[in-house]
Amino acid sequence: MSILAISFVGVTTAVLSLSLRRYNAEISIAVAVVGSIIIFLSVILNLSSVYETVSSILRASSVNSAYIAILLKSVGICFLTEFASDCCFDAGQRALANNIAIAGKVLVLVTAMPLYKDVLDTVLSLTGNSV
Amino acid sequence: MIFKIAAIGIIVAVLNQLLIRSGREEQAMLTTLAGLIVVLSLLMTQISSLFTTIKNLFGL
């Protein structure tokens with residue numbers, strides 16, 4: 001989808017959601033969520049070519065392929081968390097939105113933990129110690 | 001999809017007003033609930049497609 005279509009969908013969704021809010025607040029939130037999902041889905045399919053390029057670059061620099069998987073997983077967690085948190089924020093549930101954001105941060109940290117361990121191992125092997 | 005959900009919302013709001021004016025408040029409430037369920041089922045298909053896309057793309 002081109003940027004023109006995306007902007008059109010965004011503005012239309014905003015106007016529809018605003019005009020529905022007075023009569024039906026739940027459905028107005030549903031309209032906003034579906035609009036954001038449509039925009040997100042139309043854009044995210046372009047990301048696979050970026051993935052191909054990034055993974056070929058990393059493969060050429062002989063980086064462990066597990067690192068690429070961890071990187072991608074973290075990016076996916078960030079996207080999902082941001083989406084869910086913003087939806088909750090739009091619905092007026094700030095506590096829920098903040099909790100989802102915290103959960104996303106923790107899960108990214110847990111996902112990236114093997115990387116920290118590798119860095120620590122490298123540092124220890126450089127200093128001549130072993131765990 | 002956006003227009004479909006917005007149209008459901010407008011129809012439900014109009015029906016709600018009509019039923020309340022004619023004194024059938026329980027039916028108005030049930031109509032609102034039915035509209036909400038229909039919209040939520042539409043929303044669920046969209047969200048599941050989003051989740052499967054992200055799952056396939058990022059290998060979660």
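If you're wondering where the values come from, they're calculated on a predicted model, not measured in any experiment. Just so it is clear: chains get the letters A, B, ... in the order the sequence lines come, proteins before strands, and each one is counted from 1.
L109(A) and I100(A) fall into different hydrophobic clusters, where Ile, Leu, Val, Met, Phe, Trp and Tyr are joined by side-chain heavy atoms under 4.5 Å apart, directly or via other members. Cluster annotation: V39(B) and L33(B) are assigned to distinct hydrophobic clusters (Ile/Leu/Val/Met/Phe/Trp/Tyr, side-chain heavy-atom contacts under 4.5 Å, transitive).
Most heavy-atom pairs under 4.5 Å with chain B, from the set L71(A), L16(A), I37(A): that is I37(A). Between chain B and the residues L80(A), L47(A), T111(A), V33(A), the most heavy-atom pairs under 4.5 angstrom are made by L80(A).
Near-neighbour residues of residues 10-21 of chain B relative to chain A, defined by a heavy atom under 4.5 Å from a heavy atom of that chain, comprise I10(B), V12(B), A13(B).
A 6.0 Å sphere centred on CZ of F89(A) holds no more than 12 heavy atoms belonging to other residues, nucleotides or ligands. With a 6.0 Å radius and a threshold of 12 heavy atoms from other residues, nucleotides or ligands, F83(A) has its CZ atom above the threshold.
No donor-acceptor pair under 3.5 Å is formed between the side chain of S28(A) and the backbone N or O of N24(A). In this structure, the side chain of S17(A) does not engage the main chain of A14(A) through any donor-acceptor pair within 3.5 Å.
Contacts of I44(A) with chain B are made by both backbone and side-chain atoms, with heavy-atom separations under 4.5 Å. Only the side chain of F40(A) comes within less than 4.5 Å of a heavy atom of chain B; its backbone N, CA, C and O stay farther away.
For residues 73-92 of chain A, the set of pairs meeting the side chain to side chain donor-acceptor pair (under 3.5 Å) definition, not counting sequence neighbours, is empty.
Within the 4.5 Å cutoff, side-chain heavy atoms of I8(B) are placed close to those of L42(B).
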